[in-house]
Amino acid sequence: MTEIIDIHPHIVSKDIARYPLAPLLGKRSDWSHERSVDFDQLVAAMDEAGVAKAAIVHSSTTYGFDNSYVADTVAAHPGRFAGVFSSDVLADDAADQIAHWVGRGLSGLRIFSKGSTIARQWLSLDDPRLAPAYLKAIELGIPVCINIHANDEELAQVHAVARRYPELRLLLDHLGRVKVKDGPPYEAARPLFGMAQYPNFYLKLTPRLLQDLGAEGCKGSADSFLPRLVSEFGSDRIAFGSNYPSSEGTMPELVGAMVAALRNLSQRDRETILAGTAKRLYPSLA
């Protein structure tokens with residue numbers, strides 16, 4: 001059986017006294033109170049779905065920049081779990097904040113500049129004020145997840161960062177919600193494909209892509225898009241994330257759908273996307 005490592009699940013504690021709610025910019029995400037899961041529920045879901053390990057992504061839309069729940073969880077369960085934190089990368093002490101959370105055992109930074117509760121970016125990824133954060137991430141050897149859309153305007157920021165910091169590993173959440181409605185040859189996905197020139201640029205493959213491919217009127221399919229994606233980037237720069245429970249469905253359903261979507265790739269490419277790339281990004285999971 002192919003090993004599966006999930007680099008994009010979320011957890012929300014039921015103990016709001018110990019882990020108080022403080023969503024980024026004051027707006028909590030719908031999923032975090034409608035269908036959230038705590039750590040024990042995540043473990044049960046992973047076991048049911050056959051997921052061996054996970055890099056848990058802190059929920060900024062629940063806790064803002066307080067990563068205590070993910071940090072406490074990872075510290076109590078080393079080996080099977082890594083953690084990805086968020087911090088205020090525009091703060092004067094941004095580098096110190098990053099060092100603090102890495103010191104707490106977390107393995108990656110996420111810059112949540114846009115998302116379900118933030119329609120417009122509240123910071124630009126190529127803002128010179130982010131330099132201390134990027135340099136600290138390079139120094140500590142941690143990847144940086146970014147949550148923007150794969151269009152020319154927003155990816156221009158990433159072009160600048162990838163060129164300026166070639167040692168910084170950048171990981172695009174949800175493929176940047178790449179446009180696939182037009183179908184082959186996927187001309188609308190050209191901005192994303194253009195990022196393949198940077199060896200330090202990685203992709204997080206989540207159910208968001210499958211949702212878009214399954215939307216009414218979409219001319220694309222997993223059978224045509226995923227081989228194209230691998231041909232552009234190589235499977236060693238693509239990693240699977242379930243987005244559970246933010247994406248609707250059970251963990252077995254989300255994992256099963258992704259495994260099925262990868263069926264036309266080679267066994268090596270499937271193994272790399274489902275686990276190999278995750279181990280390189282988060283060595284504690286290797």
### Query
Can you find a pair of side-chain heavy atoms, one from V84 and one from C145, that are under 4.5 Å apart?
yes
Does this structure show an ion pair linking [X] with [Y], if we count only N-O contacts that are shorter than 4.0 Å?
X: D6; Y: K204; value: no
X: R104; Y: D72; value: yes
X: E271; Y: R268; value: no
X: K279; Y: E3; value: yes
X: R35; Y: D30; value: no
X: D173; Y: R208; value: no
X: D212; Y: K179; value: no
X: D182; Y: K219; value: no

### Query
With under 30° as parallel and over 60° as perpendicular, where do the rings of F81 and F39 fit, or are they tilted in between?
perpendicular
### Message
List the residues meeting ring pair (Phe, Tyr, Trp, His ring centres under 6.0 Å) with F233, not counting sequence neighbours, and say none if there are none.
### Response
none
### Message
Let me check something: do L130 and F201 share a hydrophobic cluster, defined by ILVMFWY side-chain heavy atoms less than 4.5 Å apart, either directly or through other members?
### Response
yes
### Message
Do I7 and V37 sit in one hydrophobic cluster, given that two such residues count as connected whenever their side-chain heavy atoms are within less than 4.5 Å of each other, even indirectly?
### Response
no
### Query
How about S68 and D66: does a side-chain donor come under 3.5 Å of a side-chain acceptor?
yes
### Query
With a 6.0 Å cut-off on ring centres, are H159 and Y198 close enough?
yes
### Residues in salt bridge (Lys or Arg N to Asp or Glu O under 4.0 Å) contact with R228, at least two apart in sequence or another chain
E232
